[in-house]
Amino acid sequence: MAIKLKELAGKPERLAPGHRFCSGCAEPIIIRQILNAIEEPVVVGMATGCAEVATTMFPTTAYNVPWIHNAFENAATTISGAEAMYRSLVRQGKIPERDIRFIAFGGDGATYDIGLQFLSGALERGHRFIYVCLNNEAYMNTGIQRSSATPRGAATTTAPAGSVIPGKVQWRKPLTDIIAAHRIPYVAQAAPSRWRDLMQKARKAAAADGPSFINVYASCNRGWRHPTDATIDITKLAVDTCYWPLFEVENGVWKLSYKPREKKPIEEWLKTQGRFRHLFQPQFRHIIGEIQAHIDEEWENLLKKCEA
Amino acid sequence: MVVSTKMALDGAHAAARAMQQINPDVLAAYPITPQTAIVQTFSQYVADGEVDTEFIAVESEHAAMSACVGAAAAGGRVMTATAANGLALMWEIVYIAASMRLPIVMAVVNRALSAPLNIHCDHSDSMGAREAGWIQLYSETAQEAYDNLIQAVRIAEHPDLLLPVMVMQDGFITGHGLERMEVLEDSAVRDFIGTYKAKYSLLDIDHPITFGAWDMYDYYFEHKRQQTDAMSKAMKVIVDVGEEFGKISGRSYGIFDAYAMDDAELAIIVLSSTAGTARTSVKELRAEGVKIGLLKPRVFRPFPAQEFVDALKGVKAVAVLDRSISFGAMDGAGPLFLEVCAALFAAGLKTKVVNYIYGLGGRDIFPQHFAQVASDLQDITATGKVKSLVSYLGLRE
Ligand SMILES: Cc1ncc(C[n+]2csc(CCOP(=O)(O)OP(=O)(O)O)c2C)c(N)n1
Ligand code: SF4
Ligand SMILES: [Mg+2]
């Protein structure tokens, strides 16, 4: 399972260059890392969102692999239909077995919000597929609206920071926990800054004999308001502040993938992004403390789960 | 040689039986009265190994159609079944299935749309989906529902079309009504539908295809034009397949079922099970010397406009019965009426046409209602005047 850069560099690209993502977007980095990590042939489904519109404007396509977009909420179900067809045709001897892996990508809006029921249903039915959430913590494709993945305190266009309300008031939804509660074979959280970890997780997900899920942290510089060359640094900081811990749940066993040597204060990370700028105003500053306390509590909980 | 077995089946079981014989590669469905018997019966076929189908017991109808789209793009035969709220819930993907040109076949057991919640028959569900790009076949009986489903596979998969097909039957009236019908031999159905080889498949990993790319204003219009062109080719395919089906079953199908229309001066147009009652009434009225006939359309999408014009030439007054309302349309008329009017007007025919809304939420319709309709039509021909463009049958005002 060792991931060797040299070998990867020689592999044909599954997501071709020439797509239309904004420069500095984390989504194409993650899609490439995942598709290139998986060694088997793949069939890809994708929800409506930035990744979909950036890669497949007719008559062009950036995919060198079979790919389908159906709608915003149903990427998991669409790929489950393709997977069921594959099993049916192979079982009937109508097509040869090709060891295909089925992968669905959805943004946080597609996954945490509008598509949660679809994902939950497909996981419960036990289709063998990998679901990847490209989590940039808002509906970016439609112009930075809040989702249930948007963190408390972030400004979005439907939870803007005003003089009275400091951006989004609610905490983000603990989706990875919710998915883990489905007791599927493999669940993980990952980030493109630790690419080897992410690619290894993609391989583990591909090897799982059943549904698997990877929640990947995906900076959007347009929505988060940071320079286009800061994507990986900001992602690293999200991991080092324990805001975005890297872990996996393999057959019910929780395991931390990375423990920062020194847990950095969240303020350091918050100040890298314009979406949190208002938190540094005197009337909202207390929220930074609340966020820190919340992260500390969640981190402790995660450590307990991983030690148990 | 026609080999078939006579059986007593209700419409839902007849549909399930057709599905078993079609033996789709994938079926994704969700229960809803009065369709439930279809998904339950089919599940039993799966449990008993009587089909090769991969059955996806989804968590909603929206998911049913979503899974059908993924499965159909993966190159095999795909079916589903639903009714009313279920069809409404899958709306978004009903359009997507047609626009992606996926030949999915869906059994619809017609039921009223909420609110108020009502599980009984009317056509508000499938009529609401009339612009979705699906071919629509309406069935009068369990036999027709069975026959139409088998033909639907051939129609949908025809290379000139690649369009999904909905096969309707009336909830409870047909769906739950036990009827004596003929079931073909499995092998006859298998031979009739043949094998399906999709031109493009997601599973063809050596020839990767992108399905569901998005369009700007520079392509969307052309794609819609292709879609409507395919629909315009459907009528011929439907007729050809209907004729061919006659050869294996002894029951050939066309666009309409016409009864006593040859010398008719008055005509009633009605879909599905109500045509049975209408036929009896027409027979009685004929015995009384009223020159009335019945036209039961089987195909609503594509709409057989020219065929209606031909069938209604020489008729002086026509009553179109609708089991749904197109809310806000001219005088609150029903969709069948509006389309018939449009067809006759475009052809320059001056035939008087009136509309009757009936049977909403499962309200029964009786022979005396048809006697009323016939007498109204006689008044219209006698006076040349239409008193009421849209009326209601069996309604307490
Ligand atoms: C049923 C439906 N509702 C709303 C939309 C509009 N819409 C398209 S993409 C999108 C947001 C996507 O957000 P996310 O899933 O987080 O992906 P991102 O673009 O951020 O990568 C929305 C709201 C839609 N296409 N379909
Ligand atoms: S808006 Fe954000 S998520 Fe979308 S392509 Fe641009 S950087 Fe990426
Ligand atoms: Mg997003």
Can you tell me which of B/Pro208, B/Ala97, B/Ser201 forms the most heavy-atom pairs within a distance under 4.5 Å of chain A?
B/Pro208

Can you measure from CD1 (B/Ile93) to OG1 (A/Thr78) and round to the nearest 0.5 angstrom?
7.0 Å

Would you name the heavy atoms of B/Ile205 and A/Val42 that are closest together and state the gap between them?
CG2-O, 4.3 Å

Point-to-point distance, once rounded to the nearest 0.5 Å, from CD1 of A/Ile79 to CG of B/Leu202:
7.0 Å

Relative to chain B, which of A/Thr60, A/Ile95, A/Val43 shows the most heavy atom pairs under 4.5 Å?
A/Val43

Side chain / backbone / both / neither for A/Val65 at chain B, heavy atoms under 4.5 Å
backbone

Does any non-hydrogen side-chain atom of A/Phe118 lie less than 4.5 Å from one of B/Glu59?
yes

Can you name the nearest heavy-atom pair linking A/Phe58 to B/Asp215, along with the distance?
CB-OD1, 3.0 Å

Highest number of heavy-atom pairs under 4.5 Å with chain B: which of A/Glu124, A/His69, A/Arg87, A/Lys94?
A/His69

Measure the CD-CD distance between B/Glu54 and A/Glu83 for me, rounded to the nearest 0.5 Å.
7.5 Å

If one checks every heavy atom of A/Asn64 against chain B at 4.5 Å, the contacting part turns out to be backbone

So, the part of B/Thr53 with a heavy atom under 4.5 Å from chain A: the answer is backbone

Indicate yes or no for a side-chain donor-acceptor contact from A/Ser88 to the backbone of B/Asp25 under 3.5 Å, with no hydrogens or angles considered.
yes

For A/Arg222, does the CZ atom sit with more than 12 other heavy atoms under 6.0 Å from it, leaving out its own atoms?
no

Can you tell which part of B/Ile209 gets under 4.5 Å to a heavy atom of chain A, answering side chain, backbone, both or neither?
backbone

Engaged part of A/Gln92 at the chain B interface, taking heavy atoms whose separation is under 4.5 Å:
side chain

Which bit of A/Leu89 comes within less than 4.5 Å of chain B, counting heavy atoms only: side chain, backbone, both or neither?
side chain

Distance check, rounded to the nearest 0.5 Å: B/Leu203 atom CG versus A/Tyr86 atom OH?
8.0 Å

Should we say atom CZ of A/Arg32 is surrounded by more than 12 heavy atoms from elsewhere, each under 6.0 Å from it?
no

Looking at B/Asp218, B/Asp206, B/Asp204, which makes the most heavy-atom pairs under 4.5 Å with chain A?
B/Asp206

Quick one: does A/Arg91's side chain have a donor or acceptor within less than 3.5 Å of a partner on B/Asp52's backbone?
yes

If you tally heavy-atom pairs under 4.5 Å against chain B, which of A/Ala76, A/Pro59, A/Pro41, A/Gly45 wins?
A/Pro59

Please rank B/Phe211, B/Tyr219, B/Trp214, B/Phe55 by heavy-atom pairs under 4.5 Å with chain A and give me the top one.
B/Trp214

Cut-off 3.5 Å, no hydrogens considered: what does the side-chain donor-acceptor table look like for residues 60-85 of chain B, sequence neighbours left out?
{"unit_1": "B/Ser60", "atom_1": "OG", "unit_2": "B/His62", "atom_2": "N", "d": "3.2"}
{"unit_1": "B/Ser60", "atom_1": "OG", "unit_2": "B/Ala63", "atom_2": "N", "d": "3.0"}
{"unit_1": "B/His62", "atom_1": "ND1", "unit_2": "B/Ser66", "atom_2": "OG", "d": "3.3"}
{"unit_1": "B/His62", "atom_1": "NE2", "unit_2": "A/Glu73", "atom_2": "OE2", "d": "3.1"}
{"unit_1": "B/His62", "atom_1": "NE2", "unit_2": "B/Glu92", "atom_2": "OE1", "d": "2.9"}
{"unit_1": "B/Ser66", "atom_1": "OG", "unit_2": "A/Asn74", "atom_2": "ND2", "d": "2.8"}
{"unit_1": "B/Ser66", "atom_1": "OG", "unit_2": "B/His62", "atom_2": "O", "d": "2.7"}
{"unit_1": "B/Arg77", "atom_1": "NE", "unit_2": "B/Glu157", "atom_2": "OE1", "d": "3.4"}
{"unit_1": "B/Arg77", "atom_1": "NE", "unit_2": "B/Glu157", "atom_2": "OE2", "d": "2.7"}
{"unit_1": "B/Arg77", "atom_1": "NH1", "unit_2": "B/Gly194", "atom_2": "O", "d": "2.9"}
{"unit_1": "B/Arg77", "atom_1": "NH2", "unit_2": "B/Glu157", "atom_2": "OE1", "d": "2.9"}
{"unit_1": "B/Arg77", "atom_1": "NH2", "unit_2": "B/Ile193", "atom_2": "O", "d": "3.1"}
{"unit_1": "B/Arg77", "atom_1": "NH2", "unit_2": "B/Gly194", "atom_2": "O", "d": "2.9"}
{"unit_1": "B/Thr80", "atom_1": "OG1", "unit_2": "B/Ala28", "atom_2": "O", "d": "2.6"}
{"unit_1": "B/Asn85", "atom_1": "ND2", "unit_2": "B/Ser114", "atom_2": "OG", "d": "3.2"}

